[in-house]
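Written out below as structure tokens is the structure these notes cover.
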2 protein chains.
Amino acid sequence: MGEFGLIEQVTAGREQSPGTLLGPGDDAAVLRAPDGRVVATTDVLVEQVHFRLDWSTPHQVGRKAVAVNLSDIAAMGAVPTGVLVGLGCPPDLPSSVAEELVGGMWEEAQQVGIGVVGGDMVSASSLTISVTALGDLQGREPVTRSGARPGDVVAVAGRLGWSAAGLAVLGRGFRSPVAVVGAHRVPEPPYAAGPQAALAGATSMMDVSDGLLSDLGHIAAASEVAIDVRTEQVEVPQRLSEVASALGADARHWVLTGGEDQALVATFPADRELPEGWRAIGAVAEGSGVTVDGFTYEGPSGWEHWR
Amino acid sequence: MGEFGLIEQVTAGREQSPGTLLGPGDDAAVLRAPDGRVVATTDVLVEQVHFRLDWSTPHQVGRKAVAVNLSDIAAMGAVPTGVLVGLGCPPDLPSSVAEELVGGMWEEAQQVGIGVVGGDMVSASSLTISVTALGDLQGREPVTRSGARPGDVVAVAGRLGWSAAGLAVLGRGFRSPVAVVGAHRVPEPPYAAGPQAALAGATSMMDVSDGLLSDLGHIAAASEVAIDVRTEQVEVPQRLSEVASALGADARHWVLTGGEDQALVATFPADRELPEGWRAIGAVAEGSGVTVDGFTYEGPSGWEHWR
């Protein structure tokens with residue numbers, strides 16, 4: 001299919017964003033970087049490790065591969081400007097599968113008004129997808145993991161536990177309920193909530209890819225603070241409780257430890273009003289580590305333990 | 001080893017460039033983009049497809065993976081500002097190998113004064129390296145493949161045929177001469193020649209990764225022109241002639257068709273003086289396709305044919 005061949009082919013006829021000065025087909029792409037700084041992140045997804053083509057369509061995998069990267073851009077308080085794609089494809093992969101993958105990438109990119117601006121496609125023994133997303137800070141300072149201060153409020157935007165519930169359902173051999181299975185296949189990161197949090201004075205932020213408590217551990221470590229999550233503030237959606245009850249699982253555990261929903265978690269000064277879509281779930285204090293209601297989280301008894 | 005773990009570890013203690021505002025360890029890196037535009041390119045290298053660890057050390061593979069990307073940045077007339085790395089590693093890969101790889105990436109990046117600013121590391125069935133390089137145009141217009149005009153001079157900077165000679169030597173089971181084997185293991189792209197060509201008014205440019213004639217075919221197609229290479233102008237280094245003679249191969253063929261040296265090839269208006277390091281090798285005319293001394297290149301008789 002040749003270098004760029006398929007990416008160019010899927011890209012032909014699609015409209016690039018006004019910020020894309022040169023798209024696929026040359027030695028490199030050229031994007032506007034109006035802020036004078038560029039935000040850049042890369043994530044790699046491997047078949048059987050990060051996705052299964054018997055659980056997700058190639059289109060869904062393409063969307064997810066782009067979503068996890070765009071979510072990293074949002075978590076810095078930036079807006080995405082373009083994505084580049086590196087595809088390693090087994091020689092026997094039908095070209096329709098690769099086209100669907102890149103089509104899914106395009107669809108997710110277009111959710112935020114950008115496009116696939118370049119890439120490379122090579123032979124590999126298993127399907128490997130690397131996506132690089134670039135973003136613009138629009139004059140704001142990047143929100144890192146290290147700025148949380150004692151007294152700050154911890155807040156979250158987006159869904160928690162839905163992907164974990166979907167994974168549990170798929171792991172038991174079921175394909176429904178569609179609401180949770182779909183959440184596992186394609187996350188719905190709250191892209192706009194990142195820049196909004198930055199504008200509202202967020203002191204630290206990251207996206208929840210490993211799980212709320214685990215990822216809060218990164219903020220606590222980088223910021224040298226303690227974080228306490230208050231379960232009375234953490235909503236457990238009715239839908240997740242129903243699924244958990246059917247599977248004999250614990251919905252709150254999914255919410256506290258499930259990854260891959262690409263929610264955003266941030267800390268805000270206590271005197272600031274949280275922006276729309278953000279909900280408080282805890283507080284920052286002096287110290288270190290992450291607790292739930294003041295205690296180390298041990299997980300539901302008889303169920304999987306966290307850490 | 002965890003996300004970022006190894007990349008952070010190898011990066012610790014190394015100095016990032018002044019243009020790197022935020023390096024590895026957060027959701028994304030932040031780089032200066034002083035021009036207000038950013039140049040971006042991705043290449044993927046897979047073990048056994050693009051490199052062999054019995055022919056190259058991990059350090060050499062790391063250097064090459066970064067070099068092929070930096071070369072794409074130079075081919076736009078830009079200067080590199082940072083690289084991001086996506087590593088897919090087999091579970092049994094010794095961590096020392098991964099460290100050496102990333103160390104090699106750092107060494108090549110430092111040749112042009114930049115660093116490894118971020119990345120992701122995951123499990124994969126075979127070693128897969130994706131590198132994304134970013135660059136800055138410093139106020140110049142990007143030099144694409146589509147600007148060559150009839151009457152232009154075709155010129156090249158950097159080495160041609162050396163990597164092909166090295167590959168031929170390795171393929172016959174030899175490890176020397178070191179000059180050509182080393183050229184195959186780690187290319188020496190003429191990074192500075194890209195921005196210099198842009199300043200000198202180059203009308204089109206690309207890096208030679210597939211082979212001179214093949215890559216000139218991309219410029220001819222994108223620019224809708226014909227390109228003729230004049231063998232009297234194409235230097236065949238004495239060293240390559242000696243190696244070819246020992247192997248019963250044709251050194252000129254390596255020069256005309258060998259890839260992976262990451263030379264730069266460009267077109268310049270005939271009235272411009274070529275910048276230092278650039279040498280004329282042919283001319284642009286009305287028409288289409290690439291010829292050698294006016295004829296379709298058929299390769300040396302009894303040897304491999306080019307297309």
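Per chain, numbering begins at 1; letters A, B, ... match sequence-line order.
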Option in B:Leu84, B:Asp136, B:Leu31 with maximal non-hydrogen atom pairs under 4.5 Å from chain A | B:Leu31
Do side-chain atoms of B:Asp27 reach the backbone of A:Ile73 as a donor and acceptor pair under 3.5 angstrom?
-> no
Consider only side-chain N and O atoms of B:Thr203 and B:Asp152, and report whether a donor and an acceptor are under 3.5 Å apart.
-> yes
Student check: side-chain heavy atoms of B:Pro187 and B:Glu260 closer than 4.5 Å | no
Cut-off 4.5 Å, heavy atoms of chain B, and the answer for A:His218 is neither
Sub-3.5 Å donor-acceptor pair from the side chain of B:Asp35 to the main-chain atoms of B:Arg37, do we have one?
-> yes
If one checks every heavy atom of A:Thr128 against chain B at 4.5 Å, the contacting part turns out to be side chain
What part of A:Met206 gets closer than 4.5 Å to chain B, counting heavy atoms only: side chain, backbone, both or neither?
-> both
Partner chain B: residue of A:Ala74, A:Ser123, A:Gly19, A:Ala222 with the largest heavy-atom pair count (under 4.5 Å) = A:Ser123
Under 4.5 Å between any side-chain heavy atoms of B:Leu167 and B:Trp55, yes or no?
-> yes
Which portion of A:Leu137 sits near chain B, non-hydrogen atoms under 4.5 angstrom = side chain
Quick one: are A:Ile129 and A:Leu101 in side-chain contact, heavy atoms under 4.5 Å?
-> yes
A:Thr41 vs A:Thr132, side-chain contact (heavy atoms from CB on, under 4.5 Å): CA-CA, chis, key distance, verdict | CA-CA 6 Å; A:Thr41 184; A:Thr132 299; over 6 Å; no
Most heavy-atom pairs under 4.5 angstrom with chain A, which of B:Ala33, B:Pro34, B:Gly88?
-> B:Ala33
Side chains of B:Val265 and B:Met205: does their closest heavy-atom pair fall under 4.5 Å?
-> no
Interface moiety of B:Val49 toward chain A, non-hydrogen atoms closer than 4.5 Å = side chain
For each of B:Val46, B:Val44, B:Leu134, tally heavy-atom pairs with chain A at distances under 4.5 Å, and name the one with the top tally.
-> B:Val44
Given the options B:Val30, B:Asn69, B:Leu22, B:Val38, which has more heavy-atom pairs under 4.5 Å with chain A than any of the others?
-> B:Val38
When B:Ser146, B:Ser130, B:Ala29, B:Gly86 are compared by non-hydrogen pairs under 4.5 Å with chain A, the top option = B:Ala29
